[in-house]
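See structure below.
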Amino acid sequence: GVKRLDTPAKINGTAKFGMDMQFPGMLTAVVLHAPVFGAKVKTVDSAKAKAIAGVRQVVQIPSGVAVLADNYWAAKKGRAALKVDWDLGSGVKVDSNAMLAEYKQLAQKPGATANKAGDVDSAMSKAVKTVEAEYTFPYLAHSPMEPLNVTIQLKDGKCEIWTGTQMPGLDQGAAAQVLGLKPEQIRVNTVFLGGGFGRRATPSSDFVKEAAEIVKASGKPLVKMVWSREDDVKGGYYRPAFLHKITAGLNAQGQPIAWKHTIVGQSIMEGTLFAGMIKDGIDGSSVEGVSDSPYMEAIPDRLVTLHSPKNEVPVLWWRSVGHTHTAMAMEAMIDELAHTAGKDPLAYRQELLKHSPRHLAALNLAAEKAGWGKALPAGRFRGIAVHESFLSYVAHVVEISLNEDGTIKVHRVVSAIDCGLAVNPDGVKAQIESGINFGVSAALLGEITLEKGQVKQGNFNDYVVARMFDTPADIEVHIVD
């Protein structure tokens, strides 16, 4: 495979990230955002902020109050000295525990239809055994290593922007709108970005728009807006919280003959420029990986429905979007069924997926390379799963043990991927390795919770991302030929 072209620059420190942008005469801006999503500024007292050495200006913008200063530290100290009275609005009602209770209630009855065949209730009544499960998933922050930042320069009727973005075209248009320019008058320099995972791909162009609003309100021609880690974790756009309620009916051979599945969670598309993709009340990104699952196609009587409750918390795609919860719900349920049927989880999947050659190829390769079926040392346990998302078919075999406090230690992950033609095998392996470590973070550690509308987490101390010692010591990735 070809080596990555950006590796030397990232190793020797010559790579320039958004946060590295420095220009003579540049001011640094930080924004005091509302403590609750959707809140509005009532009054601002900026006298103490303006008295801090290095602070140049305080301006109100739609998303809060911005402090402009000679450097980041002065701006941060200035922001801490602001006195702002907020009209908190209805967002103050959002509470994680109350929301979970509400989602459980919603899941008792079917929502909008995402996939339906036959008569699920009639088939369920004929089942020899039924299995019921409920899976819940919290909000998750993207928490990239490099928090959000944008540098904007206005000069001679033209505008230049430096930022790490996943949607430069959208951001160009959004900045043009705020600044009253034509898109072609704006040059967006997409510099290196220290992690995106979807956070730097907002349909609302939130961070670029915010920087443009600061430039507009302040009249300053060269401003670098910087978010702190806490701004980022508390500041919005999360993988939505989801609940899956699943009931499956098995026949005498232990095979699923009926499957009833209700999904509850906010729509990512709603209220964005992608809202047109919502069809008959179904946001495809909420049900992907369930309604189009190969398991589902093989079950004659099935019903998948969706509730999309609304609240003020802003949500966004996060890594593999809907698959971040649907893969887990489906594969965990398949394990429950294999257990109920008294069958080996690999053999059970092989039987159910016999008409899905690409799922099978990944599953079988991972199982073979992991030594599935061979005895494990005492206290070690092994599990297997397979899922397709975005035309890549991935299987993992995971070896774990339980710590004395009941927490899970992941020792080994053996993975197989069929992504079509692997043009650069090194790149494919790196993607899966990072996906595994991301998955460890999400499964064992990650959780954003709200109380009285406020996000309780703020930095890596309380929004924990997998450290080296949390990650599997042994990761193997095999590519299906």
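Note that the coordinates shown come from a computational prediction; the quantities given were computed from them, not determined experimentally.
Between Leu352 and Pro256 the shortest side-chain heavy-atom distance falls below 4.5 Å. Looking at Val428 and Asp426, their side chains never come closer than 4.5 Å, going by heavy atoms from C-beta outward. Put simply, the side chain of Arg200 reaches to within 4.5 Å of the side chain of Phe207, judged on heavy atoms. Counting heavy atoms from C-beta on, the side chains of Leu106 and Pro309 come closer than 4.5 Å. Between Leu316 and Arg239, every side-chain heavy-atom pair lies at or beyond the 4.5 Å cut-off. Counting only heavy atoms from C-beta outward, the side chains of Leu250 and Ile257 never approach each other to under 4.5 Å. Annotation: side chain of Leu402 is not in contact with side chain of Thr407 (no heavy-atom distance under 4.5 Å). Taking the side chain as every heavy atom from C-beta outward, Trp259 and Leu337 approach each other to under 4.5 Å.
A donor-acceptor pair is defined here as one N or O able to donate and one able to accept, closer than 3.5 Å; such a pair exists between the side chain of Lys234 and the backbone of Val455. No donor-acceptor distance shorter than 3.5 angstrom exists from the side chain of Ser205 to the backbone of Val208, with no hydrogens or angles considered. At distances below 3.5 Å, not a single donor-acceptor pair connects side-chain atoms of Thr324 with backbone N or O atoms of Ser320. Using a distance-only test at 3.5 Å, with no hydrogens or angles considered, no donor-acceptor pair links the side chain of Trp86 to the main chain of Pro35. Proximity of a side-chain donor or acceptor of Asp232 to a complementary backbone N or O of Ser143 within less than 3.5 Å is not detected. Judged by distance alone, the side chain of Tyr135 and the main-chain N or O of Leu243 form no donor-acceptor pair under 3.5 Å. The backbone N or O of Gly254 lies less than 3.5 Å from a partner atom in the side chain of Tyr348, making a donor-acceptor pair. Remark: the backbone N or O of Val386 is paired with a side-chain donor or acceptor of Glu331 at under 3.5 angstrom. Remark: the backbone N or O of Pro183 is paired with a side-chain donor or acceptor of Gln172 at under 3.5 angstrom. Of the possible donor and acceptor atoms, one in the side chain of Asp283 sits under 3.5 Å from a partner among the backbone N and O of Ser285.
Side chains of Ser228 and Asp231: a donor on one and an acceptor on the other come within 3.5 Å. Between the side chains of Lys3 and Thr7, no donor-acceptor pair is found at a separation under 3.5 Å. Side-chain contact check for Ser401 and His411: at least one donor-acceptor pair (N or O, by modelled atom type) lies under 3.5 Å. For the residue pair Thr326/Glu288, the side-chain donor-acceptor check at 3.5 Å is not satisfied.
No salt bridge links Arg302 with Glu297; every basic N to acidic carboxylate O contact stays at or beyond 4.0 Å. In this structure, Lys126 does not pair ionically with Asp301, as no charged nitrogen and carboxylate oxygen lie closer than 4.0 Å. A salt bridge links Glu134 with Lys104: the distance from a Lys NZ or Arg NE/NH1/NH2 to an Asp or Glu carboxylate oxygen falls below 4.0 Å. Ionic pairing of Lys260 and Asp121 is present here: one or more N-O contacts between side-chain nitrogen and carboxylate oxygen are shorter than 4.0 angstrom. Checked for salt-bridge contact, Glu476 and Arg412 meet the test: a charged N lies under 4.0 Å from a carboxylate O. Ion pairing between Asp335 and Arg349 holds under the 4.0 Å rule for side-chain N and carboxylate O. Between Asp418 and Arg358 there is a salt bridge, with a side-chain nitrogen of the basic residue lying less than 4.0 Å from a carboxylate oxygen of the acidic one.
Taking the six-membered ring where the residue is Trp, His323 and Phe390 present perpendicular rings, their angle passing 60° and hence far from 30°. Taking the six-membered ring where tryptophan is involved, the planes of His244 and Phe137 are perpendicular, since the angle between them exceeds 60° and thus also 30°. In this structure, Tyr238 and Phe37 have perpendicular ring planes: the angle between them is above 60°, well past the 30° mark.
For Lys456, the NZ atom counts as loosely surrounded, since its 6.0 Å shell holds 12 or fewer non-hydrogen atoms of other residues, nucleotides or ligands. In the displayed structure, Asp481 atom CG is contacted under 6.0 Å by at most 12 heavy atoms of other residues, nucleotides or ligands. In Asn461, the CG atom is crowded: over 12 heavy atoms of neighbouring residues, nucleotides or ligands sit closer than 6.0 Å. Remark: Lys452 NZ is loosely packed, at most 12 non-hydrogen atoms of other residues, nucleotides or ligands lying under 6.0 Å away. Crowding of Glu230 atom CD: a count of heavy atoms from other residues, nucleotides or ligands under 6.0 Å exceeding 12. Other residues, nucleotides and ligands contribute only 12 or fewer heavy atoms inside 6.0 Å of the CG atom of Leu5.
The line from CD1 of Ile268 to OG of Ser286 is 6.5 Å long, rounded to the nearest 0.5 Å. Taken from CD1 in Ile334 to NE2 in His387, the straight-line distance is 12.0 Å, to the nearest 0.5 Å. Here the CG-CG distance, from Asn311 to Asp95, works out to 11.0 Å after rounding to the nearest 0.5 Å.
Minimum heavy-atom separation, Pro314 to Gly236: CG-CA, 4.0 Å. What you find for Ala366 and Ala416 is that their closest heavy atoms are N-CB, 3.7 Å. Minimum interatomic distance between Leu360 and Gln350 (heavy atoms only, all atoms of both residues): CD2-CA, 3.8 Å. Nearest approach of Thr449 to Ser96, heavy atoms of both residues: CA-OG, 3.3 Å.
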Worksheet item: Please walk me through it: do Glu146 and Trp227 pass side chain to side chain contact (heavy atoms under 4.5 Å, CB included)?
Response: CA-CA 9 Å; Glu146 177 195 20; Trp227 282 34; over 6 Å; no
Is there a side chain to side chain donor-acceptor pair (under 3.5 Å) between Arg319 and Ser389 once you walk through the steps? CA-CA 11 Å; Arg319 197 83 191 220; Ser389 88; over 6 Å; no
Show the numbers, then the answer: is there a salt bridge (Lys or Arg N to Asp or Glu O under 4.0 Å) between Lys245 and Glu132? CA-CA 8 Å; Lys245 182 176 165 48; Glu132 206 172 276; 3.2 Å; yes
One pair to check against side chain to side chain donor-acceptor pair (under 3.5 Å): His307 and Glu102. What are the steps and the verdict?
CA-CA 11 Å; His307 294 278; Glu102 178 204 333; over 6 Å; no
Set out, in order, the CA-CA distance, both residues' side-chain angles and the distance that settles side chain to side chain contact (heavy atoms under 4.5 Å, CB included) for Thr163 and Val191, then state yes or no. CA-CA 6 Å; Thr163 191; Val191 292; 5.7 Å; no
Show, in sequence, the C-alpha distance, side-chain angles and deciding distance for Gln266 and Phe242, and conclude whether the side chain to side chain contact (heavy atoms under 4.5 Å, CB included) test is met. CA-CA 8 Å; Gln266 279 164 275; Phe242 269 91; over 6 Å; no
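Taking the six-membered ring wherever Trp is involved, the centroid distance between the rings of Phe438 and Trp318 falls below 6.0 Å.
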